[in-house]
Each structure stands twice: as structure tokens, then as C-alpha cells.
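To keep things clear, I will list the structure first and then write my remarks on it.
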Amino acid sequence: MEHPLCQSCGFVLLEENKGTNRDQSINGEYCIHCFQNGEITDSSLSIHTMEVRLNDMAKIHNELSMEEAQHIIHLLPSLKRWKMDFI
């Protein structure tokens, strides 16, 4: 079974890392790092900055491989937060 992805950062959503809605219920679309209390945690974040963060995580912190980072970066435009339906 495939796990859903955070619709902002593209990381796998697990029960322990899901964000919260305003009523503190669990949000099934975003992780805790991207969505808390019913709001995006960094509303000024651009898709480009997210790409840089993912690359930095792969290069500096070894939290994911460069291949994983590139895979997620490729997925970003299809995620709910970054999808541009008006184009």
C-alpha cells in the first residue's frame, strides 16, 4: 500500500507526522511541518525555495538522498499547494 504524500513538501504522510486542523483534528493532506492549526506554516514559501530546501537536505543534512530530493522536486508542481490550475 502506498502512503499519501504531503501536498506541500512531498514527504510521505504517516499517522505520526500529519498536520492539524483548527479544531486540532488530524489533517490528511499536509504534514505537521507544513500545516498546523489549520494553516500553512510558512505562507511566504515559494516552490523555488522548497526546491532549494530539499536539495540542501540532501546535500548537507543527509535526511534524504539526492535521488529522492530530485524525485520530490519533480512532483512538487503536481501537489495541491503548488498546482497552478489557472494556467
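Being a predicted model, the structure only gives us computed values, none of them experimental. Residues take their numbers from the sequence shown, with the count starting at 1.
- Side-chain N or O atoms of Asn17 include one that pairs as donor or acceptor with a backbone N or O of Leu14 at under 3.5 Å.
- Checking side-chain atoms of Thr41 against main-chain N and O of His33 turns up a donor-acceptor pair under 3.5 Å.
- Atom SG of residue Cys9 and atom CG of residue Leu54 lie 7.5 Å apart, to the nearest 0.5 angstrom.
- The closest side-chain heavy-atom distance from Lys83 to Leu79 is not below 4.5 Å.
- Heavy atoms only, all atoms of each residue included: Cys6 and Cys31 are closest at SG-N, 3.3 Å.
- Looking only at atom types and distance, the side chain of Gln36 has no donor-acceptor partner in the side chain of Asn27 under 3.5 Å away.
- Counting only heavy atoms from C-beta outward, the side chains of Arg22 and Asn37 never approach each other to under 4.5 Å.
- Linking ILVMFWY side-chain heavy atoms closer than 4.5 Å, directly or via other members, places Leu5 and Leu64 in two distinct hydrophobic clusters.
- Of all heavy-atom pairs spanning Leu76 and Glu51, the tightest one is CD1-CG, 3.8 Å.
- Taking the side chain as every heavy atom from C-beta outward, Met66 and Gln70 approach each other to under 4.5 Å.
- The shortest heavy-atom contact between Ser78 and Leu75 is OG-O, 2.7 Å.
- When every heavy atom of Leu13 is checked against every heavy atom of Glu29, the shortest pair comes out as CD1-C, 3.6 Å.
- Residues Pro77 and Ile47 are in side-chain contact: their nearest non-hydrogen atoms beyond the backbone lie under 4.5 Å apart.
- Residues Arg81 and Tyr30 share a closest heavy-atom pair of N-OH, 4.1 Å.
- Side chains of Ile72 and Phe11 form a contact here, defined as non-hydrogen atoms less than 4.5 Å apart.
- Lys18 places none of its side-chain heavy atoms less than 4.5 Å from the side chain of Ile32.
- Contact detail for Phe35 and Asn21: the closest heavy-atom pair is CE2-OD1, 3.8 Å.
- Remark: the backbone N or O of Gly38 is not paired with any side-chain donor or acceptor of Asp23 at under 3.5 angstrom.
- Ser43 places no side-chain N or O within 3.5 Å of a backbone atom of Ile40 that could act as its donor or acceptor partner.
- Here CD1 of Ile73 is found 10.0 Å from NE2 of His48. Values are rounded to the nearest 0.5 Å.
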